[in-house]
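Below you'll find the structure, written out as structure tokens, and then a few comments.
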Amino acid sequence: MTQAVQLKPEVPLLSINNIEVVYDDVIQVLRGVSIDVPRGEIVTLLGPNGAGKSTTLKAISGLLKTENGEVSRGDIHFMGERIDVKNAEDVVRSGLFQVMEGRRIVEDMSVIENLKLGAYTRNDGQVNQDIEMVFNYFPRLKERIGLAGYLSGGEQQMLAIGRALMARPKMICLDEPSMGLSPLLVKEVFGIIEKINREQGITMLLVEQNANYALKAANYGYIMESGKIVLDGSKEMLLNNEDVKEFYLGGGNEKRKSFKNLKSYKRRKRWL
Ligand SMILES: Nc1ncnc2c1ncn2[C@@H]1O[C@H](COP(=O)(O)OP(=O)(O)OP(=O)(O)O)[C@@H](O)[C@H]1O
Ligand SMILES: [Mg+2]
């Protein structure tokens with residue numbers, strides 16, 4: 001006779017529980033956002049400009065304080081530990097690294113110096129070995145020996161991801177890695193993100209406007225609009241959802257622009 005085994009549901013690696021974020025004590029941007037990121041998975045957070053995606057990432061990585069923002073309600077746990085009360089450096093030490101929007105590399109330093117910056121929280125003597133590991137993922141960075149400021153946009157994005165790897169994180173949050181890249185480079189960068197996830201087992205939270213690529217890479221997705229999660233589901237569910245197809249996976253920008261008004265009307269009806 002088979003016996004029913006009671007499996008404990010696994011606690012997500014990162015768990016955002018009903019957070020609100022306020023800037024300058026008055027501007028409320030997030031209104032009760034909850035997101036779970038299971039260990040080893042890629043989860044994507046999608047949404048239009050100004051939805052609150054970067055704010056969500058800054059809340060996770062302790063970067064709100066530098067912008068006079070705060071998590072005014074709810075909490076965030078990483079590996080069972082509460083992190084919304086920690087400063088940015090302690091969050092990195094706990095194993096969570098953010099690749100910020102716009103790449104933020106140090107332009108007047110070399111590629112190798114930038115990579116070493118990523119390892120500042122470590123003192124295990126394996127930094128040189130890890131630089132080689134980064135060059136394995138991004139071979140073209142190895143050929144660029146000048147200042148990082150001379151790198152192309154795609155190469156700078158690669159350097160920013162490489163620098164995150166240097167921290168040996170358990171999880172990386174990426175803010176719009178596809179921004180400003182050609183379609184070919186977007187494909188390449190996403191391919192490497194998936195490879196890193198697969199080979200290093202690093203959990204990823206991927207913020208994107210490019211839903212096509214993000215949903216291919218991710219296992220699960222959340223859609224945020226005006227500071228709220230309006231829809232979430234598995235990759236398959238979202239790829240087959242009519243609204244997602246129409247507004248996030250649809251054809252060119254032209255079509256999307258002309259649907260703008262209809263879009264907010266329909267969404268209110270269907271999702272909110
Ligand atoms: N430091 C700040 N002070 C006040 N308001 C802010 C601050 N940063 C962001 N906001 C506001 O919060 C809202 C969400 O911004 P956020 O950058 O999180 O959006 P986003 O989804 O990342 O947008 P995008 O796709 O354009 O990057 C916007 O209305 C923005 O103007
Ligand atoms: Mg943003």
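In what follows, residues are counted from 1 in the order of the sequence shown. Computed from heavy atoms alone, side chains included, the values below leave out hydrogens, waters and symmetry copies. Counting starts at 1 for both ligands and their atoms, following the listed order.
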Do me a favour and list the nearest non-hydrogen protein atom to [atom] with residue, atom name and distance?
atom                    : value
atom 25 (O) of ligand 1 : Lys53 NZ, 2.7 Å
atom 1 (N) of ligand 1  : Glu67 OE1, 2.9 Å
atom 18 (O) of ligand 1 : Thr55 OG1, 2.5 Å
atom 27 (O) of ligand 1 : Glu101 OE2, 2.8 Å
atom 5 (N) of ligand 1  : Tyr23 CD1, 3.5 Å
atom 14 (C) of ligand 1 : Gly50 O, 3.4 Å
atom 26 (O) of ligand 1 : Asn49 ND2, 2.7 Å
atom 11 (C) of ligand 1 : Val29 CG2, 3.9 Å

Exercise for the section: For Lys142 and Glu132, run salt bridge (Lys or Arg N to Asp or Glu O under 4.0 Å): C-alpha distance rounded to whole Å, both residues' side-chain angles, the deciding distance at 0.1 Å, then the answer. Expected result: CA-CA 9 Å; Lys142 196 171 181 172; Glu132 279 311 310; 3.3 Å; yes

Exercise for the section: Please confirm whether the backbone N or O of Ile196 pairs with a side-chain atom of Glu199, one donor and one acceptor, at under 3.5 Å? Expected result: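 No, the answer is negative, given that no donor and acceptor are paired below the 3.5 Å cut-off.
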
Problem - Atoms in ligand 1 flagged as close to Gln209, the criterion being non-hydrogen separation under 4.0 Å - result: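 Those qualifying, in numeric order: 25 (O).
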
Handout entry: Atom indices of ligand 1 within 4.0 angstrom of Ser54 heavy atoms, with elements
Key =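 Result: 17 (O), 18 (O), 20 (P), 22 (O), 27 (O).
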
Answer yes if the side chains of [X] and [Y] hold a donor-acceptor pair under 3.5 Å, and no otherwise.
X      : Y      : result
Glu208 : Ser178 : yes
Asp36  : Ser15  : yes
Tyr220 : Glu236 : no
Ser54  : Glu101 : yes

Problem - Contact check, Glu176 vs ligand 1, heavy-atom distance below 4.0 Å - result: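 Heavy atoms of Glu176 do come under 4.0 Å of ligand 1.
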
Handout entry: Heavy atom of Gly52, distance to ligand 1 below 4.0 Å
Key =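 Yes, Gly52 has a heavy atom closer than 4.0 Å to ligand 1.
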
When you check the gap from the basic side-chain N to the acidic O, do [X] and [Y] get nearer than 4.0 Å?
X      : Y      : value
Glu89  : Arg93  : yes
Arg82  : Asp84  : yes
Glu242 : Lys245 : yes

Exercise for the section: Return yes or no for this condition: an N or O of Lys58 is under 3.5 Å from an N or O of ligand 1. Expected result: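 In fact, backbone or side chain, Lys58 has no N or O that close.
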
Practice task
Consider every N or O of Gly47 and every N or O of ligand 1, then say whether any pair is closer than 3.5 Å.
Solution key: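 No, Gly47 has no N/O under 3.5 Å of an N/O on ligand 1.
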
Problem - Whether Asn49 has an N, O or S atom under 2.8 Å from the Mg ion (ligand 2) - result: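 False for Asn49.
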
Handout entry: Any protein heavy atom < 4.0 Å from atom 21 (O) of ligand 1
Key =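 Given the 4.0 Å limit, the answer for atom 21 (O) of ligand 1 is yes, a protein heavy atom qualifies.
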
Practice task
Specify whether the nearest protein heavy atom to atom 9 (C) of ligand 1 is under 4.0 angstrom away.
Solution key: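 So far as the 4.0 Å threshold goes, atom 9 (C) of ligand 1 is in reach of a protein heavy atom.
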
Problem - Heavy-atom pair with the smallest gap, counting every atom of Ala59 and Ile76 - result: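 Looks like O-CD1, 3.6 Å.
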
Exercise for the section: Could you tell me whether Ile27 atom CD1 has more than 12 heavy atoms of other residues or ligands within 6.0 Å of it? Expected result: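 For Ile27, atom CD1 is crowded (more than 12 foreign heavy atoms under 6.0 Å).
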
Exercise for the section: Just let me know how Met224 lines up against ligand 1, side chain, backbone, both or neither, with a heavy-atom cut-off below 4.0 Å. Expected result: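 Neither; nothing of Met224 gets under 4.0 Å from ligand 1.
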
